[in-house]
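Following: one structure in structure tokens, then a few remarks.
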Amino acid sequence: MLFNSLQFVGFLLVVLTVHFWVIPASQERARRLFLLLASYVFYGSWNPPFVLLLLYSTVLDYAVALRMARTESRAGRRGLLGLSLLGNLGVLAFFKYGNFLAETYLTLVSLGPAQQSGPVVDVILPVGISFYTFQSLSYSMDVYRGRLEPAKSFWDLALYVSFFPQLVAGPIVRAREFLPQLERERVVRGADVESSLARIAGGLIKKVVFADTLALYVDQVWADPSAHGGPGLLLAAYAFAYQIYFDFSGYSDMAIGLARLFGFELPENFLRPYLSSSPREFWRRWHVTLSSWLRDYLYISLGGNRGSEARTRLNLLITMLLGGLWHGAGWAFVVWGGFHGGLLVAQRWATPRFPALGALPGWVRVGITFHLVVVGWIFFRSPDLSTAGQFFAGLVRPGFEPNPDVIRALAVLSVAALAHVVGVPQQWQRGLARRGPWVQGVAYACVAVLVYLFSPATNQFIYFQF
Amino acid sequence: MSRLVTIALVFGACLAAFVAVVLLRAGGEVMEAGVFLRPTRVELGVTMEQLEEKDARVVWLGDSTVLDSIDIPSYADIVAERIAKSGDEMPPHGVVAMVGLDFYHYYCMLGRILERNPEVVVLVAHLRMFVDGARAFMDLCSSLPPSELPRAMLLPFRERDVGPLDLLGYQLLRLPGAETSFLAYEGAQRLFQDRDPTGLLAKTPTYFERLGMGGRKPALEYLRSYALDLDREDPVVRMMGATVDMARRHGAEVLVVASPIPYEKLEARDWYRPQTIDVLRRVVEENGGHFFDGHRVLQKRHYRDESGHYTTEGAEILAEALEPTLREVLEDGASAGRATGAP
């Protein structure tokens, strides 16, 4: 059930009606339970049996956290945390990396003299598993670190893990950000609804008009990079950079807007990342909730920058490699993560040695960072390393045919890039909510018509697969 | 609150104005322009009405291989003629078929067929259906009788991107006006995209692109795709079993015709899988149906193409081979009487 589908509109209308009009405001507990039920229905609409995985993560971490709170010994608490890590990451590893590990194994054994044929597994990836696993893990880790009391109610924790606006593609919310909101009185004022609508409308435009239109060209080029010349490939690389940004930030906008409709605040996930002037800044602006999760729960757990310089660099590399692997079970994702890890290490190494780099004009640093990020996206978008290799090799190939697809991609890319640089989506979303109701009504009708006209070729949100 | 009401009213009024302008300027065209819902809602709808007019007692459900073309008759019609010519009674028959249909669609449509109380339902099973079925036409789920929904929810509809909520949602198409609204919704979208002078609007994929038949497959690739090792857990095989079961539960005799494919070319490359045909037979028979294996009936020259469309001679030979089995099934159907009606 995609946010930009008619099914979702129907689902949302039913949920809003029951939540706000059927269940009285005095029955806050019933409202929360209904939201939980709606979230399970939403997740079950992809593949009903997989709701058991949600339930499993919730039960495991609820039980672990309760037990942790009663356990005095450090070793005991550590053992319980290990249980949570093993239980959550084990499921993630099986569903997400089962195929990858089996294929890698088969490749390795087929290289050997025995030419064995190994088992073939075909595991279906539950949508959004990486997101809710990380959310659930952050809860048990926060309880372990003493930053959070265990949830008072199992149902509240279940709602935190499964809350449908951000369940399948984030933002990754921390339990200490979400659970306290359940204890406060949720008041949704007219102004909140207006800002939610503006946020959702902006997200829809980003997804349907920009991301999906760019996807038409990107998919065509990546289907066979060897059939395109350098300029066409370069255009596709830039187009993908903006496709993935508008796709994912569009989803995040909709998630934040939808959550606000129910009186919840979710953290921001994108802060105009292509205006970053360094790789480090990029990761503070891109998928903020994931990078901060990796920093707080992985990088710092590895020792962060508390050890030697060499150890810090190694920690950075490990964090980014695992961050790459989090995105998908494939070597191209590992290389992408390693590439960004390498950039962060290189920045750390170069900053004190070459102070002139920091003195470069801002737009030069932004340009360099953006192009480095685009290089990374080529790995990210390629289904395997050989396709990425073909893509890079083709960048120097002459030949450019300005057909209608290219012109469309160029036109949309230009508007998308300009809008991003100037910050149109953010200004538009903030500004619209403050306008008069007539202006808002007309604007939302225009958005609905635009989404309608552009929507037949809509793709699944890219981040659903992670 | 009044601001929100104003926003909603202005929003609704603007959309209503948009719809009114579109319908006033291109109302007729809009209803003709759709490419996804139209074949199933309009074209198959006409065929269904014809079944009613004929009071068909034998109903064929099939794909393009059972359709007649300008110069080549359908083997379903030829076999009926043969039986009628022999002096035996051939009950009125009708063919409900369209390019790209398979057992998912048969299962969905069967409720409407059974409402007409046929004695015999003949289902065309082409190996193509088990390779990579069309993801189009799933709006046919709206024809699923409500009483079948609990069973349907346990079937592998997920393979076609249809979840339990979608199964329920499709039932909305039964509401008066809903079908027309969706036809208009899709048609207007198509018109805009086709007339977009800037080329910026994302074009709706064509009917054949949606079926995964955007470009003609090389012959060898087609043949290779028939090398299937199916088991009874295969989603389409499960749908086949469920379709036979539904028809049998409501008293209709069922004959599944495994339509011929160029097996000589397959055998030459070791791509023919007799065990797959055995699986299909077992599943059909276990569910109370009859099975006719037509795979070895035709020779290379009887095919027009690798996807299993026949020449006139091929259609006649297939009809001849099928006749004895169909007679047996007709006799069973006649003795059992007409089906008990809609599920």
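In what follows, every chain begins at residue 1, and chains take the letters A, B, ... in the order their sequences are listed.
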Rounded to the nearest 0.5 Å, what separation is found between the [atom1] atom of [X] and the [atom2] atom of [Y]?
X         : Y         : atom1 : atom2 : result
Arg158(B) : Phe50(A)  : CZ    : CZ    : 10.0 Å
Ser45(A)  : Leu167(B) : OG    : CG    : 11.5 Å
Gln440(A) : Leu4(B)   : CD    : CG    : 8.5 Å
Phe8(A)   : Leu165(B) : CZ    : CG    : 12.0 Å
Phe18(B)  : Leu453(A) : CZ    : CG    : 5.0 Å
Glu186(B) : Tyr452(A) : CD    : OH    : 9.0 Å

Closest non-hydrogen atom pair, [X] against [Y]:
X         : Y         : value
Ala433(A) : Arg3(B)   : O-NH2, 4.0 Å
Leu15(B)  : Ala445(A) : CD2-O, 3.9 Å
Thr6(B)   : Pro437(A) : CB-CB, 3.7 Å

Contacting moiety of Ala188(B), where chain A heavy atoms sit under 4.5 Å: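 Both backbone and side chain.
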Contacting moiety of Tyr170(B), where chain A heavy atoms sit under 4.5 Å: neither
Neighbour count above 12 (heavy atom, 6.0 Å) for Arg435(A) CZ: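 Check fails, neighbour count at 12 or below.
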Over 12 non-hydrogen atoms of neighbours within 6.0 angstrom of CD in Glu185(A):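 At most 12 heavy atoms, drawn from other residues, nucleotides or ligands, come within 6.0 Å of this atom.
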Any Val193(A) side-chain heavy atom under 4.5 Å of Ile7(B) side chain: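 Counting from C-beta outward, Val193(A) and Ile7(B) never come under 4.5 Å.
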Residue Val209(A) versus chain B: region with a heavy atom under 4.5 Å: neither
